[in-house]
Amino acid sequence: MSFRSHMDTALEEARAAAARGEVPVGAVIVAPTGQVVARAGNRTRELHDPTAHAEMLAIRAACAALGQERLTDHALYVTLEPCPMCAAAISNARIGRLYYGASDPKSGGVAQGPRVFAHPQCHHAPEVYDGLSAPECEALLTGFFAARR
């Protein structure tokens, strides 16, 4: 099977989040077969839930749809580097590959800050690929916050 990026779908979710007034982050979980299992955008404000990040919502939806707590060999596409909370959930779900767009020097938990997957306490580290559609992901975030100022 050849590689097919699902970052466009994650960007659709991020745009929908922005339209709801949420920070524009989108996530997509893809099965080993290439089928999209779950997709989500941030909903922290809408749900009054600080854990309702796109990654968390997509992981919850994928696990519920599959009837299991592990997403072994699945891929997660997300428009922004996951925060430490989301990185821990990615590890706990045993996601096989993480693809993300924009890096997050302020709140990231993968290549920035705590670098969750590098910790000795981390039981599973996915393969990580960064920079997918980074300019488009960054522009979406920059435009969103510029409009708020």
Mind checking the [atom1]-[atom2] spacing from [X] to [Y]? Nearest 0.5 Å is all I need.
{"X": "S107", "Y": "E81", "atom1": "OG", "atom2": "CD", "answer": "9.5 Å"}
{"X": "L57", "Y": "T51", "atom1": "CG", "atom2": "OG1", "answer": "7.5 Å"}
{"X": "N92", "Y": "R70", "atom1": "CG", "atom2": "CZ", "answer": "8.0 Å"}
{"X": "T79", "Y": "D8", "atom1": "OG1", "atom2": "CG", "answer": "12.0 Å"}

Compare every heavy atom of [Y] with every heavy atom of [X], then report the nearest pair and how far apart it is.
{"X": "F144", "Y": "G21", "answer": "CZ-O, 3.9 Å"}
{"X": "P114", "Y": "P84", "answer": "CG-CG, 3.5 Å"}
{"X": "A87", "Y": "G109", "answer": "CB-O, 4.2 Å"}
{"X": "A14", "Y": "G26", "answer": "CB-N, 3.5 Å"}
{"X": "A58", "Y": "A38", "answer": "O-CB, 3.4 Å"}
{"X": "V116", "Y": "A88", "answer": "CG1-N, 4.1 Å"}

Are [X] and [Y] packed together at the side-chain level, in the sense that at least one heavy-atom pair is separated by less than 4.5 angstrom?
{"X": "V110", "Y": "Y100", "answer": "yes"}
{"X": "V128", "Y": "Y99", "answer": "no"}
{"X": "L140", "Y": "V25", "answer": "no"}
{"X": "P105", "Y": "Q112", "answer": "yes"}
{"X": "E12", "Y": "R39", "answer": "yes"}
{"X": "L80", "Y": "C137", "answer": "no"}
{"X": "V36", "Y": "I29", "answer": "no"}
{"X": "C63", "Y": "Q68", "answer": "no"}

Determine, using the 4.5 Å side-chain heavy-atom cutoff (strictly less than), whether [X] and [Y] are members of one ILVMFWY cluster.
{"X": "M56", "Y": "I90", "answer": "no"}
{"X": "L98", "Y": "V37", "answer": "yes"}
{"X": "L66", "Y": "I59", "answer": "yes"}
{"X": "L76", "Y": "L132", "answer": "no"}
{"X": "L11", "Y": "L141", "answer": "no"}

Query raised in the report: Would R94 and E69 pass as an ion pair if we require N to O under 4.0 Å?
Result: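 No salt bridge links R94 with E69.
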
**Report entry** N-O pairing of R20 and E46 below 4.0 Å
**Finding:**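 Yes, R20 and E46 are salt-bridged.
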
Query - Backbone N/O of P24 and side chain of E22: donor-acceptor pair under 3.5 Å - result: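 Checking the backbone N and O of P24 against the side chain of E22, no donor-acceptor pair under 3.5 Å is found.
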
Query raised in the report: So, Q35 side chain and V30 main chain: donor-acceptor pair closer than 3.5 Å or not?
Result: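 Such a contact is absent between Q35 side chain and V30 backbone.
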
Report task. Scan side-chain atoms only and decide if N42 and T44 contain a donor-acceptor pair under the 3.5 Å cut-off. Result ->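 No donor-acceptor contact under 3.5 Å links the two side chains.
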
**Report entry** Residue of the set E13, E55, M7 for which side-chain contact (heavy atoms from CB on, under 4.5 Å) holds with V78
**Finding:**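 So the option named by the test is E55.
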
Query - Residue pairs involving residues 116-139 (criterion side chain to side chain donor-acceptor pair (under 3.5 Å); sequence neighbours excluded) - result: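 Passing the test, one end in residues 116-139: R15-E136, H119-Q121, E127-Y129.
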
